[in-house]
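Structure, as structure tokens:
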Amino acid sequence: MLVVAKFGGSSVASSACFKQIKNIVESDECRKIVVTSAIGKANPDDNKVTDLLYLMYAHVKYKVNYDNILSIVKSKYFTIKEELGLKLDLNKEFDNIVANLKLGEDYLVSRGEYLTALLLAEYLGYEFIDAKDLIVFDYNGKVNLEKTYKIIASRIDGQKKVLVPGFYGAYPNGDIKLFSRGGSDITGSILARGVNASKYENFTDVPGFYVASPKIVDNPKLIKEITYNELRELSYMGASVIHEEAVFPIQDVNIPLQILATHSPELGGTMISSKCSDKENIITGIAGKKGFAAINIVKSKASDKLNIISYALNVLKEHNVPVESIPTSIDSFSIVVEEEKVSNNLYDIIAMLKENPEIEDIKIDNEIALVAVVGRNMVYKPGISAKIFSILGKNDINVKLISQNTSEINIIVGIKNSDLNKAINAIYEGLIK
Ligand code: ASP
């Protein structure tokens, strides 16, 4: 058994956190590969090192003095080093960083993970391996997975204990390249795939995925098991425990991913895999997101709907606007998009749609929220959508649009932005509690 254990920023925020990580890795010999984020917030008012480094780079770029920011960053690392009696020469490391600022934003920001990994490697007695020597980006900004897996397999044999900083890799010329925010989750899953791990454990500040967001529902239940696909649906709709792309490297080889709370791993967390044994829970999770718009298009009676839909989709494609859903009726259809994606070009889009003489009318419906009720077991159970609509009806929530495909993994309803929390609470009350 070989386990990759990734620790998020809040799990490495203090020397006490480092001690807890030591307990965790020492309690299971299989945890031979550790990935770390940069030092995160030690309390809600604190700042993440990554945010500070982005801010510091803005100062560098506009030639504003950055000494204050750098000293906040330094003090975080020095405090942990001193409290744990570590030897790492941080002065030398920071001098080196300052001397290399010309290497750019990705270089500077990546130093958050790099330094955290150096300290943690020394503290745990693991060998530090730089992510720049493992994860190869192509010049189009995408990871070259084939090359990366080969390098990982040749550098990490599954016997020695290694520590790798998350969040970055390098182009073939050695320049550092960052993943998108939260990308250490992706580093962990690439490593898990590269070493063919039996499990990828992702330690964070929450005990796993909740059936609904604890910011909306009081004390929601924890999801014990969930499939990769369900997870993607929920993450897409705003349930943000792990980076949306983190499942890709491990999904097709079915390496299970477990979300665990660093400070209470005994809670067991959420297990994500391609098949789940539980057939009892019909609904796995409920998530929702505000800020969608529906472009409602009415066609002339005699015209061919297929042509008009394809015309309208091309207009959106030309403006680079992704489409969420296309509910249709005989003479009209709506195209649901994220408001943000059309905020600068809606008038151009409408003008271009109007160029088609077969389009009779165009209306924009704003401020729509989408709620996704996700569950792999819904496919076995008739009547779930009826229950959802009756719950929404009883709570006086008007349904503006409905979408479900035949995989029946989720039912999506569009409602007013202002009804979102009420709807999620009502569906949770009615279907989960
Ligand atoms: N430190 C980076 C961030 O804050 C990456 C990560 O934590 O995964 O986005």
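All ligand and atom numbering here is 1-based and tracks the order in the structure. Numbers here simply count residues along the sequence, with the first being 1.
Protein residues with any heavy atom under 4.0 Å from ligand 1: S37, K48, T50, E113, F167, R181, G182, G183, S184.
Between D175 atom CG and L103 atom CG the span is 7.0 Å, to the nearest 0.5 Å.
Applying the salt bridge (Lys or Arg N to Asp or Glu O under 4.0 Å) rule to D157 yields no partners; only residues at least two apart in sequence or on another chain are considered. Take Y77 and apply the side chain to side chain donor-acceptor pair (under 3.5 Å) test, not counting sequence neighbours, and it matches T116. When the side chain to side chain donor-acceptor pair (under 3.5 Å) test is applied to T262, the partners found at least two apart in sequence or on another chain are S11.
Salt bridge status for R193 with D252: present, with a side-chain N to carboxylate O gap under 4.0 Å.
Side-chain atoms of E29 and K161, non-hydrogen and from C-beta on, do get closer than 4.5 Å to each other.
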